[in-house]
Number of protein chains: 2
Amino acid sequence: MEDIHHHENTKAVINRMSRAIGHMQAIKKMVEEGQDCSAILIQLSAVRSAINSIGRIVLQDHIDHCVVDAVKSGDQKVLDDLNDAIAKFLK
Amino acid sequence: MEDIHHHENTKAVINRMSRAIGHMQAIKKMVEEGQDCSAILIQLSAVRSAINSIGRIVLQDHIDHCVVDAVKSGDQKVLDDLNDAIAKFLK
């Protein structure tokens, strides 16, 4: 099995993504059923928090593994890409 | 057909929810395939923006319809619920 870019928390990230997708499907159903807008907004806010948490885990895994390796080997592109990604994610 | 709580943009919201769900499934696949963390972060950021846009549309529809009706009929609970939802969504 090829395993070139898996991290400590890859399984946890996949599980969280599955839960977030299920959550989005439930919210879509709320909209289809014409449920209360305030309730829908609160659920959208919850799924957004879940995505933020997933982003944090991906970032931490990345820093703990790829970035440490990149610094050791002097690979500037990995650091540049990381800075771009952080700038987009934290805006 | 029962249609007690549908808004002008309900169809658009459902379509955007479907696209966001497809996007999240694609991101999950990126994680499963061990793709680059920076690329995953950028896609998570994009789907979060999509969720923010959906929230804005739901909120605008809600204000244009339910809230206007609630003010006319003096229904304070609708306004209280809206304030709670906004507080959660904009934090």
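All chains are named by letter (A, B, ...) in the order of the sequence lines, taking the proteins before the strands, and each is independently numbered beginning at 1.
- Between the side chain of Arg48(A) and the main chain of Ser49(B), no donor-acceptor pair closer than 3.5 Å is present.
- Only the side chain of Asn52(A) comes within contact range of chain B, with at least one heavy atom under 4.5 Å from a heavy atom of that chain.
- Ranked by non-hydrogen atom pairs under 4.5 Å with chain B, the options Ile21(A), Val58(A), Asp81(A) are led by Ile21(A).
- Residues Leu44(B) and Ile51(A) approach most closely at O-CG2, 3.8 Å, considering heavy atoms.
- Nearest heavy-atom pair, Gly55(A) versus Leu41(B), reported as atom, atom and distance to 0.1 Å: O-CD2, 3.4 Å.
- The shortest heavy-atom contact between Lys88(B) and Ser45(A) is O-OG, 3.1 Å.
- Taken to the nearest 0.5 Å, the CD1 atom of Ile40(A) stands 9.5 Å off from the NE2 atom of His62(B).
- Lys29(A) NZ to Ile14(B) CD1: the interatomic distance, rounded to the nearest 0.5 Å, is 12.0 Å.
- Applying the 6.0 Å contact sphere to CD of Glu32(A) captures more than 12 heavy atoms from other residues, nucleotides or ligands.
- Between the CG atom of Leu82(B) and the CG atom of Asp36(A) there is a distance of 9.5 Å, given to the nearest 0.5 Å.
- Val31(A) and Ile42(A) fall into different hydrophobic clusters, where Ile, Leu, Val, Met, Phe, Trp and Tyr side chains are chained together by heavy-atom contacts under 4.5 Å.
- Side chain of Ser38(B) to backbone of Ala85(A): no donor-acceptor contact under 3.5 angstrom is found.
- Scanning both residues, Met24(A) and Met17(B), for their nearest heavy atoms gives O-CE, 3.1 Å.
- Both the backbone and the side chain of Ile54(A) come within contact range of chain B, judged by heavy atoms closer than 4.5 Å.
- No chain of hydrophobic side-chain contacts below 4.5 Å, direct or via other Ile, Leu, Val, Met, Phe, Trp or Tyr residues, connects Leu59(A) to Val68(A).
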